[in-house]
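Below is one structure, written out as structure tokens, with a few remarks after it.
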Amino acid sequence: NVPEGESFNPTAKIVVVDFWASYCGPCRDVFPRIAKVAEHYRPLGVEFVSLTDETAADLPSIKGFVTRMRNFDWPIGYGAGRVMGELNIYSIPVLVVFGPDGRARQSWAGDQLDGVERTLDELLAESK
């Protein structure tokens with residue numbers, strides 16, 4: 001998990017970063033829940049991005065995964081191994097919520113996402 005308070009490119013928005021890979025079974029299993037959260041919170045101004053440590057050589061697998069997943073319509077970055085290492089993410093899936101100040105507020109590892117909505121609701125209330 002990412003230590004609370006770890007910074008990640010400060011923005012004026014709440015950002016949810018999904019660290020995943022197309023070859024990762026648990027990542028595929030948790031995706032529908034992330035898509036449901038994104039569907040609810042993106043209209044409220046929360047940004048979502050998915051990052052993988054896969055490389056350009058893996059683009060066919062990445063594109064195949066995205067094509068099969070419904071509601072996957074936010075940006076995806078590949079080649080993110082360095083970012084993942086800087087954030088101490090060595091297993092996936094990991095979901096990290098960054099506040100408007102760019103600081104990690106909460107993270108979840110594996111398929112347990114309990115509290116994601118609560119964290120986003122709290123951050124949205126704080127930013128009003």
Side-chain angles (χ1 to χ4, degrees):
N1 287 345
V2 175
E4 283 188 38
E6 189 73 30
S7 288
F8 178 77
N9 192 15
T11 67
K13 295 188 176 222
I14 299 164
V15 178
V16 177
V17 182
D18 168 35
F19 294 96
W20 71 290
S22 63
Y23 58 81
C24 169
C27 298
R28 291 190 300 269
D29 293 344
V30 78
F31 180 78
R33 172 98 187 269
I34 295 169
K36 190 169 186 75
V37 171
E39 182 180 19
H40 179 79
Y41 287 95
R42 285 179 69 202
L44 301 175
V46 177
E47 297 289 332
F48 283 73
V49 64
S50 291
L51 297 177
T52 178
D53 64 352
E54 294 170 282
T55 67
D58 300 304
L59 280 175
S61 296
I62 295 168
K63 289 179 180 179
F65 174 79
V66 171
T67 301
R68 289 188 306 275
M69 292 292 123
R70 293 177 11 148
N71 301 324
F72 199 149
D73 59 352
W74 56 84
I76 301 167
Y78 61 89
R82 181 174 167 197
V83 171
M84 293 169 74
E86 288 175 6
L87 293 173
N88 297 316
I89 296 172
Y90 299 106
S91 65
I92 50 175
V94 170
L95 192 76
V96 183
V97 174
F98 293 91
D101 60 358
R103 300 188 73 124
R105 298 299 182 93
Q106 186 72 40
S107 64
W108 295 263
D111 62 357
Q112 299 302 314
L113 298 179
D114 295 339
V116 171
E117 294 92 342
R118 182 180 64 245
T119 298
L120 292 172
D121 289 339
E122 289 170 1
L123 286 169
L124 285 167
E126 286 175 20
S127 64
K128 287 185 180 181

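Distance alone, capped at 3.5 Å, is enough to place a donor-acceptor pair between the Y41 side chain and the E117 backbone. With hydrogens and angles ignored, the 3.5 Å screen pairs a side-chain donor or acceptor of W108 with a backbone N or O of D114. Of the possible donor and acceptor atoms, one in the side chain of E54 sits under 3.5 Å from a partner among the backbone N and O of S22.
Interatomic distance, Y78 OH to D58 CG, rounded to the nearest 0.5 Å: 10.0 Å. Atom CG of D18 is separated from atom CG of L113 by 9.0 Å, given to the nearest 0.5 angstrom. For the atom pair CD1 of I14 and CG of D101, the computed distance is 10.0 Å after rounding to the nearest 0.5 Å. How far CG of D111 is from CD1 of I34: 10.5 Å, rounded to the nearest 0.5 Å. Summarising the geometry, atom CZ belonging to R103 is positioned 11.0 Å from atom CZ belonging to F98; distances are rounded to the nearest 0.5 Å. Residue Q106 holds its CD atom at 9.0 Å from CD of E122, rounded to the nearest 0.5 Å.
The shortest heavy-atom contact between P93 and P26 is CD-CB, 3.7 Å. Considering all non-hydrogen atoms of both residues, T55 and I62 come closest at O-CD1, 4.4 Å. Nearest heavy atoms, W74 versus A35: CH2-CA, 3.9 Å. Here the shortest heavy-atom pairing between I89 and I92 reads CG2-CG2, 4.4 Å.
In this structure, F65 has its ring center closer than 6.0 angstrom to the ring center of W20.
Transitive grouping of hydrophobic side chains (ILVMFWY, heavy atoms separated by less than 4.5 Å) keeps Y90 and V30 in distinct clusters.
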Q | Test log, rule side-chain contact (heavy atoms from CB on, under 4.5 Å), inputs I76 and V66 | A | CA-CA 9 Å; I76 301 167; V66 171; 3.1 Å; yes

Requested in this report: I would like to know whether T119 and V97 meet side-chain contact (heavy atoms from CB on, under 4.5 Å); could you show each step before the answer?
Outcome: CA-CA 8 Å; T119 298; V97 174; 4.1 Å; yes

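Tested against F19 for a side chain to side chain contact (heavy atoms under 4.5 Å, CB included), the candidates L87, T52, D53 yield a single pass: L87. Of the listed residues (V96, V37, V116, L120), just one forms a side chain to side chain contact (heavy atoms under 4.5 Å, CB included) with V16, and that residue is L120.
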